[in-house]
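Below is one structure; the comments refer to it alone.
The first residue in the sequence is number 1, and the count goes up from there.
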Amino acid sequence: MRHTLSITVKLDLDFRWARIDVHGCLTQGSCRALVPIVDRCFRILQKPDVVIDLSGAQHIEDEGVNTLRGLGIVGPTSHPVLRERTGTCSLVIPDDLPECPSLRTNPRAHGSHRFVA
């Protein structure tokens, strides 16, 4: 199973805030792709206020969220220092982390199908 991460970045026209909407699978490996994007937002924004919204993600691993927290991207009141740039970066995390769709088992309603010649 290959996990893919898709994001959309929305910037305020006055460069006050950015919102990063995450779709796809947030895993321990894929979450590191967010760091340079957050860093870029911190460089662009005058007083960085960045929100990473995971509520649209199809799959979220605990390890991915923990890695983001370990990188300095934690709750709504944090002020991480990313490459000597300070600002506010927060996470929006759903209450129940969705598991990967490939791990869900959907038994067929009609039982197994066989090819009959």
Side-chain angles (χ1 to χ4, degrees):
M1 169 70 196
R2 184 169 183 239
H3 300 283
T4 59
L5 184 68
S6 174
I7 63 160
T8 302
V9 179
K10 298 174 185 172
L11 292 172
D12 174 52
L13 291 176
D14 295 325
F15 297 104
R16 294 175 297 185
W17 57 263
R19 182 177 188 90
I20 302 170
D21 293 326
V22 176
H23 304 280
C25 298
L26 182 85
T27 64
Q28 186 175 13
S30 70
C31 73
R32 294 186 183 281
L34 291 170
V35 175
I37 295 164
V38 171
D39 186 51
R40 173 75 54 102
C41 290
F42 271 49
R43 284 188 273 146
I44 293 171
L45 300 173
Q46 294 174 8
K47 291 184 180 180
D49 182 12
V50 179
V51 174
I52 300 172
D53 188 353
L54 302 178
S55 61
Q58 190 176 19
H59 167 215
I60 303 172
E61 289 182 354
D62 281 327
E63 295 83 6
V65 174
N66 292 337
T67 300
L68 286 177
R69 288 184 175 132
L71 294 169
I73 302 172
V74 294
T77 59
S78 73
H79 299 277
V81 177
L82 294 176
R83 298 187 187 169
E84 299 179 4
R85 292 174 182 85
T86 60
T88 301
C89 185
S90 59
L91 286 172
V92 175
I93 305 170
D95 292 333
D96 296 319
L97 300 183
E99 64 181 34
C100 190
S102 68
L103 299 176
R104 295 183 198 138
T105 56
N106 293 327
R108 294 184 174 177
H110 305 299
S112 61
H113 295 277
R114 286 186 262 161
F115 176 74
V116 179

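Atom CD1 of I60 sits about 10.5 Å away from atom CD of Q58, to the nearest 0.5 Å. Between atom CG of residue L5 and atom NE2 of residue H23 there is a gap of 9.5 Å, rounded to the nearest 0.5 Å. Remark: I20 CD1 to R40 CZ distance equals 12.0 Å, nearest 0.5 Å. The CZ atom of R19 sits 8.5 Å away from atom OG of S90, with the distance rounded to the nearest 0.5 Å. Here C31 contributes atom SG and E61 contributes atom CD; the two are 9.5 Å apart, rounded to the nearest 0.5 Å.
Nearest approach of F42 to P48, heavy atoms of both residues: O-CG, 3.6 Å. Minimum interatomic distance between C25 and S30 (heavy atoms only, all atoms of both residues): O-OG, 3.0 Å. Here the closest non-hydrogen pair linking P98 and P94 is CD-CG, 4.3 Å. Across all their heavy atoms, H59 and E99 have their closest contact at CD2-C, 3.7 Å. The two atoms that bring I44 and F15 nearest to each other are CG2-CD2, 3.4 Å, heavy atoms only.
Listed for the D14 side chain is no donor-acceptor partner under 3.5 Å among the backbone atoms of R16. When atom types are taken as modelled, the side chain of S55 and the backbone of V92 share no donor-acceptor pair closer than 3.5 angstrom.
Residues D12 and D49 form no side-chain contact, since every pair of their non-hydrogen atoms from C-beta on lies 4.5 Å or further apart. Using a 4.5 Å heavy-atom threshold, the side chains of W17 and V51 count as separate. With contacts defined as side-chain heavy-atom distances shorter than 4.5 Å, the pair T27/T67 does not qualify.
For the side chain to side chain contact (heavy atoms under 4.5 Å, CB included) with I93, the qualifying choice from L68, L26, L54 is L54, the only one to do so.
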